[in-house]
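Naming: A, B, ... by sequence-line order, numbering from 1 per chain.
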Amino acid sequence: MQPGQAPHGNLHHRLWMYEAMVKSRELESRIKTIYFEGKTPVFNMAKGPIPGEMHLSMGQEPCAVGVCAHLRPTDFVTATHRPHHVAVAKGVDLRKMAAEIFGKKTGLSRGLGGHMHLFDAAVNFSCSGIIGEGIAPAVGAAMAARIQGRDDVAVSFMGEGATNQGQFHEALNLAALWKAPVVFIIEDNAYGISVCKAESTSVASNADRAAAYGIPGVFVPGNDPDAIHAAAGEAIARARAGDGPTLIELETHRLEGHFVGDTVEYRPVEERERLAELDPIQLFRSRLIGDGHEASELDALDAEAVRLADDAISFARNSEYPALEEAFAHVFG
Amino acid sequence: MQPGQAPHGNLHHRLWMYEAMVKSRELESRIKTIYFEGKTPVFNMAKGPIPGEMHLSMGQEPCAVGVCAHLRPTDFVTATHRPHHVAVAKGVDLRKMAAEIFGKKTGLSRGLGGHMHLFDAAVNFSCSGIIGEGIAPAVGAAMAARIQGRDDVAVSFMGEGATNQGQFHEALNLAALWKAPVVFIIEDNAYGISVCKAESTSVASNADRAAAYGIPGVFVPGNDPDAIHAAAGEAIARARAGDGPTLIELETHRLEGHFVGDTVEYRPVEERERLAELDPIQLFRSRLIGDGHEASELDALDAEAVRLADDAISFARNSEYPALEEAFAHVFG
Amino acid sequence: MSSVDVMQETGAKTPAPRQRRLTVARALNEAIHQEMATDSSVVVLGEDVAKIGGVWSTTVGLLDAFGPARVRDTPISESGFIGAAVGMAAVGLRPVVELMFVDFVGVCMNSIYSLAAKQRFFSGGQVTCPMVLMTSVGGGYSDGGQHSQTLYATFGHLPGLKVVVPSNAYDAKGLLASAIRDDDPVVFMFHKGVQGLGWLGTVPRAATHVPEEAYLVPLGKAAVTREGSDVTLVGLGLTVHHAIDAADQLQKEGISCEIIDLRSIAPLDRETIRASVRKTGRLVAVDDDYMSYGIGGEVIASVCEDASITLKATPRRLSFPDIPIPFSPVLEQGVLPNSEKLVALARQAVLEK
Amino acid sequence: MSSVDVMQETGAKTPAPRQRRLTVARALNEAIHQEMATDSSVVVLGEDVAKIGGVWSTTVGLLDAFGPARVRDTPISESGFIGAAVGMAAVGLRPVVELMFVDFVGVCMNSIYSLAAKQRFFSGGQVTCPMVLMTSVGGGYSDGGQHSQTLYATFGHLPGLKVVVPSNAYDAKGLLASAIRDDDPVVFMFHKGVQGLGWLGTVPRAATHVPEEAYLVPLGKAAVTREGSDVTLVGLGLTVHHAIDAADQLQKEGISCEIIDLRSIAPLDRETIRASVRKTGRLVAVDDDYMSYGIGGEVIASVCEDASITLKATPRRLSFPDIPIPFSPVLEQGVLPNSEKLVALARQAVLEK
Ligand SMILES: Cc1ncc(C[n+]2csc(CCOP(=O)(O)OP(=O)(O)O)c2C)c(N)n1
Ligand SMILES: Cc1ncc(C[n+]2csc(CCOP(=O)(O)OP(=O)(O)O)c2C)c(N)n1
Ligand SMILES: [Mg+2]
Ligand SMILES: [Mg+2]
């Protein structure tokens with residue numbers, strides 16, 4: 001099932017969420033491995049087939065799938081510098097996405113954007129490397145849907161660190177004031193690079209900040225796809241019905257460093273050691289099996305995810321780099 | 001009594017507040033009259049002894065005096081494009097202030113700043129024409145006092161419209177996080193130029209926004225100097241004691257247009273007609289008399305305010321314009 | 001430049017003189033009205049743009065004509081509403097957004113230079129940003145250093161933005177219509193000194209004949225406002241009028257000035273400038289932005305780096321000095337460029353050697 | 001330029017070669033340590049500057065040495081914490097603030113250009129702003145268009161800010177010490193390509209001998225990195241190294257290059273540039289900021305508007321083109337300036353006519 005097709009019953013959307021999580025994870029695992037090509041023994045960000053910064057979303061997949069399970073291609077999503085899981089869940093073309101990350105001419109943006117600038121107009125997905133930049137465009141896209149008479153919604157994903165940007169405040173006030181059909185999703189992975197939430201944010205839960213705009217604020221603990229799916233479903237239905245925005249903070253876990261290469265020494269050792277147990281894909285898999293799914297059914301989804309990830313990566317690897325003229329083709333003279 | 005001298009008993013600080021309100025009003029009345037010199041019959045902002053925009057604070061004096069009655073010269077205050085009442089209450093040199101507004105070399109800033117850029121380092125007062133610009137500097141000055149081991153506080157004044165600037169959010173989060181000794185004073189005069197609060201702000205009271213930072217939020221209705229004095233006193237004492245920031249929204253009234261020349265057609269007629277009855281100086285005078293003060297006592301304060309305003313204006317009028325070199329004297333080459 | 005001069009250079013049919021003379025403000029307003037009427041995707045956002053029709057009278061009557069869904073007063077949240085406009089533009093609307101004073105760019109620069117300007121590039125052409133950001137520029141009326149800047153070069157320097165500055169009503173209407181129809185973000189800077197609002201003071205000459213029907217003036221093309229042979233004066237916005245006044249004065253001294261009105265900062269029409277200087281051999285650029293890394297420097301460099309141009313005199317520039325804008329009228333008027341200063345520089349250029 | 005070359009031009013006593021060779025990052029870090037030790041009013045603020053010592057290793061060890069009151073990690077609130085720093089500076093502290101990437105200026109430009117830059121002017125000299133804003137600039141390692149800009153001219157254009165760009169460790173330390181002691185706000189731009197962080201790649205030559213003791217390199221003075229007679233190459237930050245590489249190459253062809261390292265964008269040391277071009281008669285400016293209204297244009301204009309200079313060749317500039325910075329390594333490397341492109345331009349200049 002694709003996002004945008006209404007999930008038919010509990011069973012189907014759970015499998016869809018599972019598969020999308022695995023797909024994102026498989027893609028990112030390959031990216032992580034390849035990222036180090038050309039960067040050993042000396043780690044130099046400029047080298048290898050995937051140069052530049054690389055922010056992986058491993059561990060945060062529940063946030064993406066629980067929300068995007070409710071979205072259509074015409075719904076508008078903005079993500080952040082850590083965009084892969086959301087892109088995958090929103091239905092971004094996997095091959096073109098991988099090719100963009102490799103800087104190839106077959107990429108979503110012909111290699112102009114890179115991993116922090118994934119745009120897929122076919123499913124109304126975009127992201128940005130500037131913290132907080134995507135929040136207001138989501139409000140605008142939501143208002144545009146209203147003005148154009150569509151019942152599409154917009155969703156803006158952001159990290160918990162981003163909530164301290166002025167842009168968060170301005171955009172939420174606008175959305176609330178204008179009753180825009182938009183949902184704000186905060187992925188609280190407890191860190192903004194090395195700075196933990198308590199050192200950046202004056203309230204424990206950003207859900208409390210909804211009070212500053214007179215909109216509902218929801219906190220979902222546990223990094224749990226089902227709980228996220230439920231909370232997001234309610235908020236998105238509310239938005240679609242014209243009842244205005246919702247702010248949702250999701251507890252989640254960043255299993256990797258801020259970017260690949262980050263040694264993460266700023267996280268307490270106990271915290272780092274616990275992370276493996278918190279892998280949401282393993283936990284969700286166990287729950288699905290507990291709920292009566294066959295392991296073989298999930299294995300088949302895993303296999304399909306692996307196949308798609310492999311396919312996307314080899315497409316990217318085998319594509320050509322763009323010609324230099326491409327750099328000049330998308331700006332007027 | 002000067003601000004910074006602890007007000008000795010209820011009686012004295014009330015008379016001080018009364019006098020400071022009248023002083024601000026008298027000064028602004030003169031400015032308003034003179035502003036039209038050279039601008040009749042054709043109103044052209046560039047002309048006359050006081051060119052440029054002119055934002056009067058008439059009606060909002062209680063906010064300034066109720067707060068500044070608690071402040072010392074070493075306490076730090078930032079105000080806005082509508083700064084006169086706060087400047088007067090903070091003890092800014094009246095002559096130099098008037099001269100600055102006239103663009104004279106005897107002005108606070110030798111004529112470089114003008115009415116929206118009044119700086120008086122002697123009493124740690126400044127203001128700015130960019131909405132929201134003064135909030136963060138107040139937080140910084142407050143933190144500096146802590147770092148330097150002083151028990152000075154900072155107060156940032158802003159309009160209710162300013163609370164929708166991102167800078168408001170960033171500065172309040174910093175202040176709360178760092179427990180900065182700062183008080184945020186919102187003068188809610190119901191309008192930002194022509195846009196009323198309900199069309200700009202997604203909550204009825206900005207005091208509710210304190211919840212987004214885990215700090216106390218207070219709303220003071222009535223444009224009442226005594227009530228403002230009480231609320232501000234508590235917040236400033238709290239800040240001075242090291243217990244962190246407070247957000248206070250004060251209901252107030254803008255008796256004039258946004259700037260002089262504004263025909264205010266966007267305000268409902270009934271609202272405009274009611275404004276005269278809402279003059280806080282008249283109301284406070286009546287209350288003081290009701291509380292046992294002699295009219296003659298207040299008349300004497302009025303007379304002193306008139307004398308000071310006249311003196312400041314004639315000082316300004318009779319001062320010279322700066323020499324052209326002055327424009328280049330305060331920027332490196 | 002009388003309105004007739006404008007007609008000549010813009011190529012419109014010569015009208016009966018003084019026919020339908022509009023201010024820049026009214027011309028801009030008319031352009032928006034017409035574009036909104038013909039294209040339902042055009043929407044207007046900004047502070048005080050709806051109920052009172054804009055502080056600069058650019059949006060008068062739009063709320064009544066097109067309703068609150070398409071014409072919206074915003075909170076004082078420039079970064080938020082410009083960012084929102086980019087989102088609108090990404091899904092098919094054509095927002096016209098007003099930033100009340102260009103000086104306020106500091107609170108919303110990211111939404112302009114990083115978001116709006118780079119969408120098309122970052123998306124490899126998938127997503128465009130047909131947004132117009134209208135903003136007032138310029139001083140001269142003692143509004144102090146946070147309400148009097150032009151910041152032309154600040155915008156011109158950052159790729160992905162088209163940047164337009166009209167000097168008169170005819171161009172203003174046609175350029176704004178082109179801007180609204182353009183798929184790239186356009187920063188449309190109208191100078192308060194030519195806007196035609198009586199309460200601000202204005203150059204009367206900026207009010208010109210404006211045809212009633214919609215028309216386009218192309219973006220990115222400078223205008224030869226006046227032909228001449230001895231020296232090229234390059235200006236934009238208000239300083240085009242300084243150039244005209246200076247040329248009138250110099251004419252009396254027997255010096256013939258060619259005047260270039262840049263109209264566009266980005267793209268910069270280097271060819272028109274170069275063609276003129278190739279002819280006159282002398283260049284004086286005049287603008288009211290800060291000097292360093294500014295308009296005048298770019299104009300001079302663009303001429304000097306062209307090996308096919310032989311200069312008969314040292315090129316000169318007259319700009320605002322590298323200081324904030326002082327409030328006091330004597331200081332502000334003292335440091336602003338004006339026609340007398342320009343006359344002196346142009347005369348020096350002609351008399352050099 | 002070996003470290004010995006640097007020593008000569010900066011006038012320090014010639015050290016034993018390779019003595020105490022530091023990277024730019026370590027030199028910056030040492031400067032802050034020393035200034036904090038001697039002046040208790042120096043404080044440090046920024047994202048990730050305390051616990052991990054800064055993403056660019058500029059603030060390593062400061063938290064341990066000076067404690068959390070003076071060294072503070074901030075939320076992702078650039079506009080807020082830079083604004084707060086201005087308030088601190090107004091009452092006697094000397095904040096050193098890090099903006100992680102210059103590209104993020106869009107979210108905090110007001111606090112920089114309107115607040116910090118204009119305090120002293122607006123207050124008529126009553127209030128100063130002794131703040132240093134350190135920020136990383138430059139690309140070349142495929143970090144995409146929001147993490148690779150230099151934006152030199154954006155800062156240089158706006159009055160009230162001193163703007164400094166070191167090309168090597170010796171200068172970096174001395175310039176930063178000067179910046180911290182300066183009463184005006186200084187934007188201190190360190191180029192990632194010379195920073196000396198192995199994980200980023202770096203020009204080895206930028207790591208130079210750095211004396212242990214504190215010393216000052218004056219703000220606003222360009223350096224003559226190498227003397228020569230045929231053509232003047234003007235660069236800054238990373239492009240100084242392109243100039244050195246180009247000069248080495250051209251030397252083999254018998255072309256003698258004089259190299260000017262601007263070190264300061266504002267104030268711009270026009271006299272040193274002009275003196276050099278007066279001698280060589282040829283000018284090629286090279287920088288990695290966007291071209292229009294940029295560094296190269298200002299350098300060319302500053303030379304050409306000087307009537308006392310006679311050029312033997314058309315002045316040339318090599319800059320980043322007016323497009324956002326592409327991610328794909330082949331595209332980014334293709335459009336960035338480099339020594340080969342510079343060699344070609346300089347050779348053209350010498351062979352012209
Ligand atoms: C405006 C801006 N400031 C700073 C940065 C640098 N930066 C990149 S990611 C990041 C941390 C973001 O934290 P959070 O929002 O929690 O997202 P997470 O990385 O945890 O997904 C920072 C500070 C940036 N990209 N943009
Ligand atoms: C950043 C910025 N945006 C817009 C303006 C234009 N402006 C000046 S005053 C004003 C209204 C301010 O409203 P409020 O904060 O309520 O203060 P008041 O004028 O009512 O005292 C506006 C929009 C500005 N000066 N700065
Ligand atoms: Mg986070
Ligand atoms: Mg108000």
- Query: Considering only heavy atoms, which portion of C:Ile265 lies under 4.5 Å from any heavy atom of chain D: side chain, backbone, both, or neither?
  - Reply: both
- Nearest heavy-atom neighbours spanning D:Ile300 and C:Glu305: CD1-OE1, 4.3 Å
- Item | Proximal to chain D - members of residues 317-324 of chain C, heavy-atom separation under 4.5 Å | C:Arg317, C:Asp322, C:Ile323, C:Pro324
- Side-chain contact, heavy-atom cut-off 4.5 Å: D:Tyr113 with C:Leu151? yes
- Could you look at D:Asp306 and say if it's the side chain, the backbone, both or neither that has a heavy atom under 4.5 Å from chain C? backbone
- For C:Pro315 and D:Cys304, the nearest pair of non-hydrogen atoms, with its separation, is CD-O, 3.4 Å
- Task: Using non-hydrogen atoms and a 4.5 Å limit, figure out which bit of D:Leu311 sits close to chain C: side chain, backbone, both or neither.
- Result: neither
- Using non-hydrogen atoms only, which part of C:Arg270 is less than 4.5 Å away from chain D: side chain, backbone, both, or neither? side chain
- Residue-level interface, residues 326-336 of chain D with chain C, non-hydrogen cut-off under 4.5 Å: D:Pro326
- Item | Distance in Å, D:His157 NE2 paired with C:Ile295 CD1, rounded so as to fall on 0.5 Å steps | 7.0 Å
- Note on the structure: Here the pair of heavy atoms bringing D:Tyr293 nearest to C:Gly294 is CD2-O, 3.5 Å
- Hey, which of C:Arg316, C:Met291, C:Lys118, C:Glu352 has the most heavy atom pairs under 4.5 Å with chain D? C:Lys118
- Relative to chain D, which of C:Gly296, C:Cys108, C:Gly145 shows the most heavy atom pairs under 4.5 Å? C:Gly145
- Message: Can you give me the closest heavy-atom contact between D:Glu298 and C:Gly297, atom names plus distance?
- Response: OE1-CA, 4.5 Å
- Item | Structural part of C:Tyr290 lying under 4.5 Å from a heavy atom of chain D | both
- Between D:Leu115, D:Val105, D:Asp289, D:Leu283, which has the largest tally of heavy atom pairs under 4.5 Å with chain C? D:Asp289
- Item | Atom group of C:Ser79 that falls short of 4.5 Å from chain D, counting heavy atoms | neither
- Item | Which atoms of D:Ser302 approach chain C - backbone, side chain, both or neither, heavy atom under 4.5 Å | both
- Item | Euclidean distance, C:Asn110 CG relative to D:Met109 CE, rounded to 0.5 Å | 11.5 Å
- Query: Measuring heavy-atom distances to chain D, does C:Leu161 have an atom under 4.5 Å in its side chain, in its backbone, in both, or in neither?
  - Reply: neither
- Item | Leading residue by heavy atom contact count with chain C [cutoff under 4.5 Å; candidates D:Ala117, D:Ser292, D:Ala301] | D:Ser292
